[in-house]
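Take a look at the structure set out below.
Because the structure is predicted, anything quoted here is derived from the model rather than measured.
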2 protein chains.
Amino acid sequence: MELHALFPQFDPELIALLEKVGQVVDFEEGSMLMRSGQYFKNSMLILDGRVKLYREGNDGEEFFLYHLEKGQACALSMICATKNESSALKAKAITHVKALAVPIQHMDELMQHHRQWYYFVLETYRSRFEELLEVLDQVAFHSMDQKLEFYLKRQFDSIQGDKITVTHQEIADDLNSSREVISRLLKKLESSKKIAISRNELTRLSL
Amino acid sequence: MELHALFPQFDPELIALLEKVGQVVDFEEGSMLMRSGQYFKNSMLILDGRVKLYREGNDGEEFFLYHLEKGQACALSMICATKNESSALKAKAITHVKALAVPIQHMDELMQHHRQWYYFVLETYRSRFEELLEVLDQVAFHSMDQKLEFYLKRQFDSIQGDKITVTHQEIADDLNSSREVISRLLKKLESSKKIAISRNELTRLSL
DNA sequence: ATACCCGTGTGACTCTAGTCACAGTATACC
DNA sequence: GGTATACTGTGACTAGAGTCACACGGGTAT
């Protein structure tokens, strides 16, 4: 397994343990790793692919939170697993995803005998917490055009490229807005030479 | 110390250790336990009093996140402490507060030798994460009147009473809105017999 | 080629919430 | 008592953003 490359901070002993108790699972593009109200029996470490996390509103609205990449872990899966609790998040595989499922019954051992593991868990939690706070900033303090810019930046950064394939409707959904509003705001971004718009595709110019 | 009563899940050995390495600190009403950009050298366990946590916007706006009560810990202080990182949160003592400061250099030992401690840390994080998600729900999916209702419920619940002393301006600040808007919405809640309004004070009727 | 679907562009309207100006009223402090 | 200082109430205006209706244009399937 390629654990060592993805988690260079783990020592060989920890990696051996993870390889022993963990199980590699595959998710097809578009499938759900996690659904609202579901319980966890494993912590999930992402080995390959990209996962999109949403918050789900009570009447089915969605709100984009953040992406998970390889080398990262689902913070909630680690904790909910520990506590056997559910959550109102949705995690969708937006590419084919390979993940390592570590059963919760090994958490005690991992936590207590592997310092790097608990550092990893805490750091995962902390960084997601911070990311959530940043999202909160956006919705609490900023107007739609600023939210849109922030959103686009995150998308571009996340794929480390300058071209994303997405429809205006999808953006509107992620931002819990409406297609017309997004279209108009995108036009404004295009006028100010920050992006280029084409069908199903946006290109970053100076964002 | 009253640690055993506040943290019944901790075993005597853990409590003894906390008593040995921790230091009780006092904060006056209105003082800041934590400021944006500040670094941590301790994990803070609240022994008595109430702490209000805000997110701070870039131009000085505030947004109310949640309260901390006795028996709880500041999630971020535990993690930031671990990582020696700062954060954009403000924590204000709204009553006199007594807290136990546990220096970060004991985190390794606590984590690895005391299962209840790491359960506690993870549970603290998980519950704050969930709380943050709920706040995010409110700002992402709901209109001001719904946010206000949610806010008021949390305030009433948090003091476990039906009367809070607060001005309309303070609520507006917490919700990043304006006084007039809050006044008008409160009037509506009064008309629908959900609350009673008097100067500096709101009473819950059927909220 | 034609018909259709999907994504996009646009104008008109409505509603929410923020702002401004100012009036009224309770409380505190001399 | 009287003045100053919060706190609250209200109308008028404005801006942002959501909705509705419909037009346009480029692909795709048959």
Candidate pair A/L45 and A/F7, rule side chain to side chain contact (heavy atoms under 4.5 Å, CB included), full reasoning:
CA-CA 10 Å; A/L45 305 192; A/F7 304 96; 4.0 Å; yes
Below 4.0 angstrom, which residues in residues 163-171 of chain B have at least one non-hydrogen atom near DNA chain D?
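Correct list: B/T167, B/H168.
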For a 4.0 angstrom threshold against heavy atoms of chain B, report the outermost contacting nucleotides of DNA chain C in 5' to 3' order.
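Reading along DNA chain C, I get C/dA17 to C/dT27.
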Could you measure the distance from the [atom1] atom of [X] to the [atom2] atom of [Y]? Nearest 0.5 Å is fine.
{"X": "B/K187", "Y": "B/R184", "atom1": "NZ", "atom2": "CZ", "value": "12.0 Å"}
{"X": "B/R55", "Y": "A/D137", "atom1": "CZ", "atom2": "CG", "value": "4.0 Å"}
{"X": "B/E123", "Y": "B/Y118", "atom1": "CD", "atom2": "OH", "value": "13.0 Å"}
{"X": "B/Y125", "Y": "A/F129", "atom1": "OH", "atom2": "CZ", "value": "5.5 Å"}
{"X": "A/I182", "Y": "A/K147", "atom1": "CD1", "atom2": "NZ", "value": "9.0 Å"}
{"X": "A/M111", "Y": "A/Y119", "atom1": "CE", "atom2": "OH", "value": "12.5 Å"}

For nucleotides 14-16 of chain D, which of its nitrogen or oxygen atoms have a protein nitrogen or oxygen under 3.5 Å away, and what is each distance?
none

Do B/L132 and B/Y66 come close enough that some side-chain heavy atom pair is under 4.5 Å?
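They are in side-chain contact.
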Decide side chain to side chain contact (heavy atoms under 4.5 Å, CB included) for B/R128 and B/Q72; before the verdict, give the C-alpha distance in whole Å, the side-chain angles of both, and the deciding distance to 0.1 Å.
CA-CA 10 Å; B/R128 293 305 148 195; B/Q72 301 185 320; 3.0 Å; yes
Within this structure, what is the CD-to-C1' distance between A/E180 and D/dA23, rounded to whole angstrom?
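To the nearest whole Å, that distance equals 13 Å.
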Does atom NZ of B/K92 have more than 12 heavy-atom neighbours from other groups under 6.0 Å away?
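Open: at most 12 neighbouring heavy atoms sit under 6.0 Å from NZ of B/K92.
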Just wondering, more than 12 heavy atoms not from B/Q9 lying within 6.0 Å of its CD?
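Check passes, neighbour count above 12.
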Does either side chain, that of B/E130 or that of B/S127, offer a donor lying less than 3.5 Å from an acceptor on the other one?
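The answer is no; no qualifying pair exists.
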Between B/S158 and B/Q155: side-chain donor-acceptor atoms closer than 3.5 Å
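On atom types as modelled, these side chains do not qualify, holding no pair under 3.5 Å.
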Atom pairs and distances, side-chain donor-acceptor, residues 93-105 of chain B, under 3.5 Å, sequence neighbours left out:
residue	atom	partner	partner atom	Å
B/T95	OG1	B/R50	N	2.9
B/H96	ND1	B/F27	O	3.4
B/H96	NE2	B/D26	OD1	2.9

Donor-acceptor pair, distance only, cut-off 3.5 Å: does the side chain of A/S183 make one with the backbone of A/H168?
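Checked: no pair found.
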Which angle, to the nearest 10 degrees, lies between the helix axes at the two ends of the helix from C/dA1-D/dT30 to C/dC30-D/dG1, each defined by five pairs?
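The helix from C/dA1-D/dT30 to C/dC30-D/dG1 shows an end-to-end axis angle of 30°.
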Using heavy atoms and a sub-4.0 Å distance, could you list which residues of residues 184-207 of chain B are near DNA chain C? By number, please.
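Only B/R184, B/R199 qualify.
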